[in-house]
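So you know, we letter chains A, B, ... as the sequences are listed, proteins then strands, and number each from 1. Remember, predicted model here, so these are calculated numbers, not experimental data.
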Amino acid sequence: MEQKWQESWQDNKVYSFNPESGREVYSIDTPPPFTSGTLHMGHIYNHTWIDIAARYKRMRGFEVYFPQGFDCHGLPTELKVEKELDVKKEDRELFISKCAGWTEKAIKRMKKQFNDIGYSADWSLTYRTMDEDYKKLIQETLLEFYRKGILYRAKHPVLWCPRCGTALAKAEVGHIEKEGRLYHIDLECSGHKLTIATTRPEMMPACVGVLVHPGDERYQKFIGKKAMLPVYEREVPVLGDEAVDVDFGTGVVYICTFGDEQDIAWQKKYNLPVIEAIDSRGCMTAVAGKYAGLSIEEARRKISEDLVEDGHIRKIEKLRHSVLSHTERSNCKTPIELLPMQQWFINVKDYLKDVVDASSEVSWYPPFMLQRMVDWTEAMDWDWIISRQRVFGTPIPFWVCECGQIMSAEDLGLELPVDPRGDVRECSECKNTKACGVGDVCDCWIDSSVTPLVIAKWQRDDELFKRAYPASLRPQGYEIIRTWAFYTIYRCMILTGETCFKDLLVNGMVAGPDGRKMSKSLGNIIEPEEPLKKYCADTIRQWAAGGTLGDDYPFSWEECDHSQRFLIKLWNISRFIEMHLKDYRKGDAVELRDVDYWILARLQNLIGDCTRNLDSYVYNIPLTDIRSFIWHDLADNYLEMVKHRLYKEEIYGKDSRYAAQYTLNRVLETILLLLSPFTPHISEEIWSSLFGGTCSLSNWPEVDEDLRREDALGNGDLLVELVSEIRRYKSDNKLSLGAELELLEVQADNKVASKLKGLEEDLKATGRIKDLRIKVSDKVDGFELEIR
RNA sequence: GGGCUCGUGGUCUAGUCGGCUAUGACGUUGCCCUUACAAGGCAAAGGUCCCCGGUUCAAGUCCGGGCGGGCCCACCA
């Protein structure tokens, strides 16, 4: 029946945002998944949390603003279109339309998957980063950054992926540990051998200096001299610098433009020339002489062979080291080169303190995740390279003339969005028709890092913006704190002067059933189709709710089994209750018994605990508590202890039966409400047949303090304990639980005896006892039983 | 190397402000069809709470040190 409810929710627009309701808006800045064509378990996990939050807040009386967008641009789509549809990038317009078409289909599939788990987003609010409106807004923000002087174009060594043929941001690269070689190469220096150690001999043509530590006695004498490079017969200065590690390799390092970030720092510090030895395809340039045109790996092999042959190599040792590689949002893993290139940048370095301040204003769940943001921000030493040499992306709205003049779409009086690629304009400076539209597109994070503005309709709908910005909640995984969270906080702060969200809910990653990170090589990947085929959505949702804030969480078939069994149990409980509520009429005067007060008191505690936890985005504990209450307190104990009152009105009286009905009705009503955010389908199904109306739009239950009676808790617990003793006796004596007992004699102290006064009837009936005797005795502590 | 985080029966897990016999699930074993449910119920076995030290009347919990995972960052050219 889940599909029935999903369709009903969608068709009747049950969860549509209503700006007229007058309720306080609770807006959710949901993560737009990349449109790969399918959701993975991580999405199921994360978005179930989001949906629980949305459903809970709705029941708490908020007007929940719950859009779901899609992040469309990206290299994987380009690669798929090239391969599957055999369309070439060079045919730009066709290529882009094919990418868009492919993405449309992907979104359709992914949207269905969202609906399959009972996702309560308002699909009329969906945004897609490839839409014209969306690109328009992105370009507006870029122009604003340009006007503020934060967006600039410059030639600078950039992180370059030779395989993907594009510049990358720091956040897109990481280190991969690899087995490499450390080459010890002799250089000639005033009649002596000076031996450098390097992992990259192919960088030799770009060598512009040799460095030693100024305190290193072995090499002090060389400082200020010139060293002769083998093969190239070129002299470079020998310099002394504190940053050289005397213990690594030979303690002599050669600096090349550019081998790593340290080279950039040294080149700047000593004002050394820049030699570009590697081109954008990852091949050696003309300066490499006889190695020109070779790939990096070929050149490395070749030059090391030549150096060995000529006797310049003293030693080659194996070395495990980390290689900067293209690791994020791509399975490319190609080593990164640092190439000086004209690129577009956004100045972040001058705003890092503001980002830290803004991040600190956000309430982080769990709080320690703030530290990750602070660490990342404080370690940031590069501006953000936003240009990508790709095709399917948001174009950068500028024209650059050969003379160096830059003109924005605004300068040209053009309406956004624009696609300047291939467009040539007259330069406003030199008046030549040589201003070419920028051929690059934006980094995907440029698209996605203004989602709080997009959803709140920034500069489009001031009324909505006032109510929906800052977003109430930003849910996301910890792996994109340094990207999505960082960039969003930064850009929205620049654009609005405000921190863009109030609460930041951080989830961990979904691990495989073996507890290890899901990966192809471990063969432990679970696709959502698999569990969704076997279990229903309310089951998967319970699994997802079991995760803890910020922690990685394994997928578990056992947990699904248990969750599924719980649903069946709940179904049977409600069937039982429904059966006994057929003739129940609400509103008559009710005289509750001790056991009734007991279950109702426990229910009040449950409501309080659940509310407290859900308010701080903790889901695993309340779900466990609710399930335990239903299974054990309600089903195992309460139901068994009131059956006699329900079935035998002629013995126990009409009032007693009515009190039990009243209690059952109230308990069932409340637990369905508590469960609704977690298991909306079954809650709705039972609710609709028993109570009418829409469970998930009802008010969240409030604690009734009058029912929170300590004495009722104590009395009920005593009854549970006694019943448990009787069950143990029957179990030990291989009797069925329905077997009648001749005698139960309770020796009780005064305290227990007085508690038992209101429980005798229930004890006798539940235990099937013919003769119940209670004797007050000061010899016992609590109670002692004699059973026959 | 730095930061964060975790370590609880065979496996996973709860444990707030230190407080009685350490929670629950899965699995295992025995028994039982209880006028909702055998996809159930009742019960049993199973623990040096990673180790060492400290604070305290009292430590799984707080502090210090160590060991071992995980994640992030930085790197060694």
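- A tilted orientation is assigned to the rings of Y219(A) and F222(A), their planes being inclined by 30° to 60°.
- At a threshold of 4.0 angstrom between heavy atoms, the contacts of A197(A) include nucleobase atoms, whether or not backbone atoms are also involved.
- Rounded to whole Å, the C1' atom of rC50(B) lies 22 Å from the corresponding atom of rG3(B).
- Counting non-hydrogen atoms of other residues, nucleotides and ligands closer than 6.0 Å to CD of E650(A) gives a total above 12.
- Residue G738(A) is in sugar-phosphate contact alone, with no base atom involved, counting any heavy-atom pair closer than 4.0 Å across all strands shown.
- Here D263(A) lies out of heavy-atom contact (under 4.0 Å) with every strand.
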When the side chains of residues 242-249 of chain A are checked against the rest of the protein, which donor-acceptor pairs come out under 3.5 Å, sequence neighbours left out?
unit_1: D245(A); atom_1: OD1; unit_2: D247(A); atom_2: N; d: 3.0

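- Within the nucleic acid shown, S731(A) comes within 4.0 Å of at least one base atom, counting heavy atoms only.
- Residue contacts for H175(A): at a heavy-atom cut-off of 4.0 Å it reaches a base atom on one of the strands shown.
- Within the nucleic acid shown, E559(A) has no heavy atom closer than 4.0 Å to any nucleic acid atom.
- In this structure, K643(A) reaches the bases: a heavy-atom distance under 4.0 Å links it to at least one base atom across the strands shown.
- As the counterpart of rG1(B), rC73(B) is assigned, both hydrogen-bonding distances of the Watson-Crick or G-U wobble pattern falling under 3.5 Å.
- Taking 3.5 Å as the limit, the base of rC31(B) and the side chain of K734(A) contain no donor-acceptor pair of atoms between them.
- When rounded to the nearest whole Å, the span between CG of D245(A) and P of rA74(B) equals 18 Å.
- Base pairing analysis places rC42(B) opposite rG30(B); the two distances defining the Watson-Crick or G-U wobble pair are each below 3.5 Å.
- Of the candidates rC37(B), rC76(B), rG3(B), rC76(B) carries the atom nearest the F248(A) side chain, counting heavy atoms from C-beta on.
- Between rG9(B) and rA22(B), the distance separating the two C1' atoms is 11 Å to the nearest Å.
- Distances from the side chain of N572(A) to the nucleotides rA14(B), rC37(B), rC42(B) place rC37(B) closest.
- Using C1' as the reference atom, rG7(B) and rU61(B) are 14 Å apart when rounded to the nearest Å.
- S628(A) comes within 4.0 angstrom of nothing in the nucleic acid, heavy atoms only.
- Note on H321(A): every side-chain N or O is 4.0 Å or more away from OP1 and OP2 of rC75(B).
- Ring geometry for Y45(A) against W543(A) counts as tilted: the plane angle lies between 30° and 60°, on a 0 to 90° scale.
- Across every strand in view, rG68(B) sits in a pair with rC6(B) that passes the Watson-Crick or G-U test at under 3.5 angstrom.
- Residue contacts shown for R627(A) are absent, as no nucleic acid heavy atom lies under 4.0 Å away.
- Across all strands, T624(A) comes closer than 4.0 Å to no nucleic acid atom at all (heavy-atom distances).
- One atom, CD1 of I336(A), and another, P of rC75(B), lie 14 Å apart when rounded to the nearest Å.
- The shortest distance between the side-chain N/O atoms of S724(A) and the OP1/OP2 oxygens of rA43(B) is below 4.0 Å.
- Here I196(A) lies out of heavy-atom contact (under 4.0 Å) with every strand.
- With hydrogens and angles left out, the side-chain atoms of S563(A) and R627(A) include a donor and acceptor closer than 3.5 Å.
- In this structure, of rA39(B), rC42(B), rA77(B), it is rC42(B) that holds the atom nearest to the side chain of L737(A).
- The residue V374(A) sits apart from the nucleic acid: no heavy atom pair falls under 4.0 Å.
- At least one side-chain heavy atom of L159(A) sits under 4.5 Å from a side-chain heavy atom of L324(A).
- One atom, CD of E479(A), and another, P of rC73(B), lie 11 Å apart when rounded to the nearest Å.
- In terms of position along RNA chain B, the nucleotide closest to P554(A) lies nearer the 5' end than the nucleotide closest to the other residue of the pair P554(A) and K648(A).
- Residue R181(A) places none of its side-chain N or O atoms closer than 4.0 Å to OP1 or OP2 of rA77(B).
- Comparing V173(A) and L319(A) against RNA chain B, the residue whose closest nucleotide sits nearer the 5' end is V173(A).
- The minimum heavy-atom distance between E578(A) and S689(A), with the atom names listed, is OE2-OG, 3.6 Å.
- Less than 6.0 angstrom separates the ring centroid of W557(A) from the ring centroid of F555(A).
- Residue H632(A) places at least one side-chain N or O closer than 4.0 Å to OP1 or OP2 of rA25(B).
- Between the C1' atom of rC26(B) and the CH2 atom of W631(A) lies a distance of 12 Å, rounded to the nearest Å.
- The distance from atom NZ of K569(A) to atom C1' of rA25(B) is 15 Å, rounded to the nearest whole Å.
- Distance, M380(A) CE to rA74(B) C1': 14 Å, rounded to whole Å.
- Relative to the side chain of W376(A), the nucleotides rC37(B), rC33(B), rC73(B) differ in distance, and rC73(B) lies closest.
- The separation of rC71(B) from rG15(B), taken at their C1' atoms, amounts to 24 Å, rounded to a whole angstrom.
- Comparing rC12(B) with rG27(B), their C1' atoms are spaced 11 Å from each other, to the whole Å.
- A sub-4.0 Å separation between OP1 or OP2 of rU5(B) and a side-chain N or O of R372(A) is absent.
- In this structure, N733(A) places its CG atom 13 Å from C1' of rC32(B), rounding to the nearest Å.
- When the P atom is used for both rC6(B) and rC62(B), the distance is 10 Å, rounded to whole Å.
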